[in-house]
Colleague: 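First the structure, which I've put down as structure tokens, then a few questions once you've had a look.
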Amino acid sequence: MRKSILARLNNWIIFLLMTLVVVTIVVASTILINFLRKEEIKRVDILVSALKFQQEVTPSLEVQELILKIYSSNTTIPMVVLDREDRPMVHKNIPQEIENDPVQISILAKKMAKSYPAIEIKVPDGNNQFVYYDNSQILNNLRYSPYILGFFILSYFLFSFWFLRTIKKTDEGYLWAGLAKETAHQIGTPLSSMIGWIEIMKLDNPDSEGIHEIERDIERLRTISERFSKIGSVPELNDMNFNETISENYDYLKTRISKKIDFSLHLPTYNILVPHNKILMSWVIENLVKNAVDAMKGEGILQMYVFERNKNILIEVKDTGSGMTKQQARNAFKPGYSTKKRGWGLGLSLARRVIHEYHNGDIKISQTEVGKGSTFRITIRKA
């Protein structure tokens, strides 16, 4: 539990740091654009001052040359000068298609006034001039760059987060598969020895009930070993009779759980045929039943239902145990998560993998309530 909380906290810290980086870039870009806008306004002010000076006095040739250079240096900022009657007098850096259309130039100047107020140049003869200007095309394009840049950076971080998460899940998958196969290998050695000793014991007392029970448990160990060996490889779905698989599993588990548990199985009266792997499906059912028994602490009602709905086969395992909180239910199938002090948190995780990856089905907690029990539901499509 503590590990899960720390992992979630780390995820939030990473997310907040990535968000901070993106916001910082957007803010920095906005500050840069505002700076460039102010610089363009300063350039316009210098140009207007030159025009004013030209109107107020008769400049020398050197001053006229300087004014011409100031005017020519503006190659990006659109500008229109209108007289008092709104007739165009001078224009620069406006669309070529309207350069010879006085009406469209006047309309453009009025649009510019929505961005920046016109600057009035007072002329001695009273025909004052008005300078209209707007942002350069480059600056207008840069207005959207912080958002575009922020979007791409955020997309990159999200992709990186997804990629690393995928790698982690893949590594975990290989780890569990390797652990499972090693477990199967370790079980195999003493299991072979036990089979040999049983054969020797049968020579002395072939009809012993104890020997028969040990044989059944050895066969169960062999099944468990085979289950573990199949993790990480693609199993064959050769079995069809689903009723038989569930019934065999039920008969075995019923004799090995507490007599204080009322364990019942409800099967349809007809055979259900669906491709599945009997060994792995039995493992899933056994995990659900054992979890239910643990939740009831050895006493209660445990019911298992198998039925059809539309084109699906549903298996439900209901118990009257302690139930789960919403947070526990959300984390129940995560590898390593367990509500039990001695649990490894692998049972439900492997069960989900068997149903999802090998049988293309779904497993979930369909109902749970603290103090009243839980219901696990497996859904598998029919053949």
Colleague: Mind checking whether V80 and I98 sit in one hydrophobic cluster, side chains of I, L, V, M, F, W, Y counted as touching below 4.5 Å?
Modeller: yes
Colleague: May I ask whether I94 and V131 are part of the same hydrophobic cluster, defined by side-chain heavy atoms of I, L, V, M, F, W, Y residues being less than 4.5 angstrom apart, directly or through others?
Modeller: no
Colleague: Taking all heavy atoms of H359 and all of I380, pick out the closest pair and write down the distance.
Modeller: O-CG2, 4.3 Å
Colleague: Do S258 and V293 have side chains that get closer than 4.5 Å, going by heavy atoms?
Modeller: no
Colleague: Which residue pairs pass the ring pair (Phe, Tyr, Trp, His ring centres under 6.0 Å) test with at least one member in residues 106-136, sequence neighbours excluded?
Modeller: Y116-Y133
Colleague: Counting C-beta onward and ignoring hydrogens, is there a side-chain heavy-atom pair between H356 and D362 closer than 4.5 Å?
Modeller: yes
Colleague: Please report the interatomic distance CD1(I313) to CG(L273), rounded to the nearest 0.5 Å.
Modeller: 9.0 Å
Colleague: State whether K110 and D86 are salt-bridged, where the test is any N-O pair (Lys NZ or Arg NE/NH1/NH2 against Asp/Glu carboxylate O) under 4.0 Å.
Modeller: yes
Colleague: If you round to the nearest 0.5 Å, how far is CZ of R256 from NZ of K290?
Modeller: 10.0 Å
Colleague: At their closest point, which heavy atom of T320 faces which heavy atom of I301, and how far apart are they?
Modeller: OG1-N, 3.0 Å
Colleague: When the ring planes of F242 and H276 are compared, do they come out parallel, tilted or perpendicular, using 30° and 60° as the limits?
Modeller: perpendicular
Colleague: As an exercise, state the distance from NZ of K318 to OG of S264, rounded to the nearest 0.5 Å.
Modeller: 10.5 Å
Colleague: Checking S106 against L82 for the side chain to side chain contact (heavy atoms under 4.5 Å, CB included) test, could you report, in this order, the C-alpha distance in whole Å, the side-chain angles of both residues, the deciding distance, and whether it holds?
Modeller: CA-CA 7 Å; S106 298; L82 301 181; 4.1 Å; yes
Colleague: Checking N287 side chain against A351 main chain: does a donor-acceptor pair fall under 3.5 Å?
Modeller: no
Colleague: Less than 4.5 Å apart, any side-chain heavy atom of I246 and any of L267?
Modeller: yes
Colleague: Can you check whether Y358 reaches N277 side chain to side chain, under 4.5 Å on heavy atoms?
Modeller: no
Colleague: Going by heavy atoms in the side chains, are M281 and I355 under 4.5 Å from each other?
Modeller: yes
Colleague: Please name all residues satisfying ring-ring contact (aromatic ring centres under 6.0 Å, His included) with Y250, sequence neighbours left out, ordered by chain then number.
Modeller: F263
Colleague: With the 4.5 Å side-chain cut-off for hydrophobic clustering, are I257 and Y305 part of the same group?
Modeller: no
Colleague: Between L108 and D134, is there a side-chain heavy-atom distance shorter than 4.5 Å?
Modeller: no
Colleague: Quick check against the 3.5 Å criterion: does D83 have a side-chain atom that pairs as donor or acceptor with the backbone of E85?
Modeller: yes
Colleague: Is it true that M304 and I365 fall in one hydrophobic cluster, defined by side-chain heavy atoms closer than 4.5 Å?
Modeller: yes
Colleague: So if I apply the side chain to side chain contact (heavy atoms under 4.5 Å, CB included) rule between I363 and each of L288, I315, T379, which one comes out positive?
Modeller: L288
Colleague: Measure the CZ-CG distance between F307 and N312 for me, rounded to the nearest 0.5 Å.
Modeller: 10.0 Å
Colleague: If you compare all heavy atoms of Q328 against all heavy atoms of T325, which two are closest, and at what distance to 0.1 Å?
Modeller: OE1-N, 3.0 Å
Colleague: Report, as yes or no, whether the 6.0 Å neighbourhood of atom NZ on K364 holds more than 12 heavy atoms from other residues, nucleotides or ligands.
Modeller: no
Colleague: Measure the spacing between CD of Q129 and CZ of R87 and express it to the nearest 0.5 Å.
Modeller: 11.0 Å
Colleague: Which atom pair, heavy atoms only, marks the closest approach of K260 to G298?
Modeller: CB-O, 3.5 Å
Colleague: Working to the nearest 0.5 Å, report the span between CG of L265 and CD of Q303.
Modeller: 10.5 Å
Colleague: Grab the two heavy atoms, one from S136 and one from P78, that are nearest each other, plus how far apart they are.
Modeller: CA-CD, 3.9 Å
Colleague: Would you call N249 and V289 a side-chain contact if the rule is heavy atoms closer than 4.5 Å?
Modeller: no
Colleague: If you take all heavy atoms of D319 and M296, which pair is closest and at what distance?
Modeller: CB-SD, 3.9 Å
Colleague: Do the side chains of Y270 and V274 join up, straight or via other hydrophobic residues, at under 4.5 Å, putting them in one cluster?
Modeller: yes
Colleague: Heavy atoms, side chains only, cut-off 4.5 Å: are M240 and P275 in contact?
Modeller: yes
Colleague: Does the pair M79 and N93 meet the rule for a side chain to side chain contact (heavy atoms under 4.5 Å, CB included), with working shown?
Modeller: CA-CA 7 Å; M79 186 187 69; N93 303 321; over 6 Å; no
Colleague: Test side chain to side chain contact (heavy atoms under 4.5 Å, CB included) on V306 and N243 and set out the steps.
Modeller: CA-CA 8 Å; V306 180; N243 296 45; 5.6 Å; no
